[in-house]
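As structure tokens, the structure follows; a few thoughts come after it.
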Amino acid sequence: MDIKDLRSRIDSIKQQTNGSVHTGKSQREKKPRPDAGKTLLDNGWNRISEMVYEKVSVINNILPEAVSDILLDESCNTAENKTMIPAENFVFYDTETTGLSAGAGNIVFLAGFGFLETSNDATTTGKTYLKIVQLFLSDFPGEPAFLERMKKYITPDRIYVSYNGKSFDANILRSRYAMNAMQIDFGYQLDLLYSSRRLWKNIIGACSLGDIEREVLDKRRALDVPGFMVPDLYFDFIRTARWDTIEGVNAHHLEDISSLAELLAVHEQLFAEAGEHILPGNYKPAEYIDALGLASLLADKRPEKAALVLSSAFKGGNHKAGAGLSIIHKRAGRWDDAVIIWNRLWDDGKSIFAAVELAKYYEHRAHNIEKALGITNDVLGLERFRITGIKQELEKRKKRLITKLN
DNA sequence: TCAGCAATGTCTGCTAAGCT
DNA sequence: AGCTTAGCAGACATTGCTGA
């Protein structure tokens with residue numbers, strides 16, 4: 001994007017949010033939008049204290065019903081000895097801030113928490129929906145009251161789901177509570193950035209939440225506020241107290257939280273169907289998943305599923321998946337299965353990894369020194385070693401095998 | 001008994017990438 | 001832009017097994 005495109009994009013966003021495109025004319029000359037005089041209170045926000053506002057929205061998109069323990073580690077007390085955790089234990093959260101650093105000058109002005117709840121309404125009983133509570137700070141002095149109100153939604157016994165929240169949101173929040181001499185006890189942090197990278201990085205490249213929304217969730221935002229503009233728009237709001245200045249940011253923030261819930265649902269769907277060849281309807285087909293990444297996520301808690309994923313990918317011609325599967329077989333003592341894979345990898349693609357494994361197998365397991373030497377000579381003849389250490393290792397092996405043979 | 005090998009674990013340093 | 005995290009590679013230590 002060149003500077004001209006960027007300028008026009010910024011103008012069009014400003015036009016949507018407050019009509020204040022920079023035209024060279026003074027503020028006084030500009031014609032305000034008809035709704036420019038609206039306040040937070042006109043837009044569904046409730047005033048909690050002088051500078052703190054709160055809004056509740058209900059979203060009915062694709063939501064996780066129960067969530068597996070696959071993405072959680074042993075430090076998560078909520079998941080202790082459970083393979084499935086009720087969705088009510090998960091809180092989806094996101095913040096908007098005045099900058100990127102965790103330093104003193106950067107504050108959180110918008111925080112949102114999404115709770116999965118089940119309807120008690122007579123007509124929709126049992127239906128799960130996402131209730132999102134947004135908290136807005138309308139000016140800096142209200143920060144202590146803002147943080148105090150937020151404590152209502154942060155409890156140590158829940159699992160807090162975010163996108164890059166481990167690095168960003170949680171740290172900034174902790175730092176704001178510390179700056180205000182207040183205590184906060186966050187629950188377990190589940191950051192979907194890292195699992196998303198494993199699943200899609202090799203397929204779609206960049207894995208920002210926006211990329212994931214577009215490529216995986218198939219969501220298109222009509223006109224979104226780019227992150228880098230958020231601080232400026234908030235500062236405009238502080239100066240002008242015009243609600244329409246910040247309207248786009250709040251909408252963007254609500255979308256982000258809603259997408260988090262949907263993204264967790266996609267993870268769950270993938271885990272549930274791992275190893276099966278068809279992923280139905282809502283999301284991209286199986287070829288759109290990095291089999292190695294999915295298997296690596298499943299490896300600890302569902303090793304049998306990880307093996308199924310790799311096996312199915314290997315059948316489809318993914319040699320790296322075959323290599324991974326062979327190591328699982330080897331560790332489990334299933335040598336015959338491992339040898340079949342190594343032979344195929346060697347025959348089909350002259351895989352150095354497979355050849356080294358076969359040489360080890362014939363030397364130490366099958367005690368067939370001639371065969372071990374044969375494959376060692378074959379692979380040494382390839383002359384396409386990226387890692388010189390492997391070649392040296394093979395030459396050492398060759399020397400040893402010749403001695404053994406004699 | 002001991003040397004050599006393979007596997008595994010730990011530590012360190014570096015890089016890439018996400019958030020507003 | 002600043003900060004944090006995970007992943008990766010390389011170096012090194014430890015353990016267990018095997019065969020001379």
Only distances under 3.5 Å count here; give the side-chain donor-acceptor pairs of residues 149-156 of chain A to other protein atoms, sequence neighbours excluded, each with its distance to 0.1 Å.
from, atom 1, to, atom 2, distance (Å)
A:Arg149, NE, A:Glu54, OE1, 2.8
A:Arg149, NH2, A:Glu54, OE1, 3.2
A:Arg149, NH2, A:Glu54, OE2, 3.0
A:Tyr153, OH, A:Glu54, OE1, 3.0
A:Tyr153, OH, A:Glu54, OE2, 3.2
A:Thr155, OG1, A:Asp157, OD1, 3.0

Using a cut-off of under 3.5 Å, enumerate the N/O to N/O pairs linking the protein to nucleotides 14-20 of chain B.
from, atom 1, to, atom 2, distance (Å)
B:dA17, OP1, A:Lys201, NZ, 3.3
B:dA17, O4', A:Arg197, NH2, 3.2
B:dA17, O3', A:Arg197, NH2, 2.9
B:dG18, OP1, A:Cys207, N, 2.4
B:dG18, O4', A:Arg197, NH2, 3.3
B:dG18, N3, A:Asn164, ND2, 3.1
B:dC19, OP1, A:Leu209, N, 2.9
B:dC19, O4', A:Asn164, ND2, 2.9
B:dT20, O3', A:Glu96, OE1, 2.8
B:dT20, O3', A:Thr97, N, 3.2
B:dT20, O3', A:Thr97, O, 3.4

Whole-Å gap separating [atom2] ([N]) and [atom1] ([X]):
X	N	atom1	atom2	result
A:Arg174	C:dT4	CZ	P	11 Å
A:Tyr361	B:dA6	OH	C1'	16 Å
A:Leu401	B:dG4	CG	P	16 Å
A:Leu71	C:dT5	CG	P	18 Å

Do the side chains of [X] and [Y] get close enough for a salt bridge, i.e. N-O under 4.0 angstrom?
X	Y	value
A:Asp211	A:Arg214	yes
A:Arg302	A:Asp69	yes
A:Asp256	A:Arg221	yes

What N/O pairs connect the protein and nucleotides 18-20 of chain C at under 3.5 Å? Give each pair on its own line.
from, atom 1, to, atom 2, distance (Å)
C:dG19, OP1, A:His367, ND1, 3.3
C:dG19, OP1, A:His367, NE2, 3.4

Which residue pairs satisfy the ring pair (Phe, Tyr, Trp, His ring centres under 6.0 Å) criterion with at least one member in residues 192-227 of chain A, sequence neighbours excluded?
A:Trp200-A:His267
Under the salt bridge (charged side-chain N to carboxylate O under 4.0 Å, His left out) test, residues paired with [X] that sit two or more places apart:
X	result
A:Glu363	A:Arg397, A:Arg400, A:Lys404
A:Asp300	none
A:Asp169	none

Sequence neighbours left out, cut at 3.5 Å: what donor-acceptor pairs do the side chains of residues 371-381 of chain A make with other protein atoms?
from, atom 1, to, atom 2, distance (Å)
A:Thr376, OG1, A:Ala372, O, 2.6
A:Asn377, OD1, A:Lys398, NZ, 3.2
A:Asn377, ND2, A:Leu373, O, 3.4

Mind listing the side-chain donor-acceptor pairs of residues 315-323 of chain A below 3.5 Å, one per line with the distance, residues two or more places apart or on another chain?
from, atom 1, to, atom 2, distance (Å)
A:Asn318, OD1, A:Lys320, N, 3.1
A:Asn318, OD1, A:Ala321, N, 3.0

Please name all residues satisfying ring pair (Phe, Tyr, Trp, His ring centres under 6.0 Å) with A:Phe186, sequence neighbours left out, ordered by chain then number.
A:Tyr93, A:Tyr160
Got more than 12 heavy atoms from elsewhere within 6.0 Å of CD, A:Glu117?
yes
A:Arg344 vs A:Asp347, test: salt bridge (Lys or Arg N to Asp or Glu O under 4.0 Å). Steps then yes/no.
CA-CA 5 Å; A:Arg344 192 177 140 196; A:Asp347 292 341; over 6 Å; no
Short N/O separations, protein against nucleotides 7-11 of chain B, under 3.5 angstrom:
from, atom 1, to, atom 2, distance (Å)
B:dA7, OP1, A:Lys330, NZ, 2.3
B:dA7, OP2, A:Lys360, NZ, 2.6
B:dT8, OP1, A:Arg331, NE, 3.4
B:dT8, OP2, A:Arg331, NE, 3.2
B:dT8, OP2, A:Arg331, NH2, 3.2

Through what angle, rounded to 10 degrees, does the axis of the helix from B:dT1-C:dA20 to B:dT20-C:dA1 turn between its ends, using five pairs per end?
20°
What is the nucleic acid contact for A:Arg397, judged by heavy atoms within less than 4.0 Å: base, sugar-phosphate only, or nothing?
sugar-phosphate
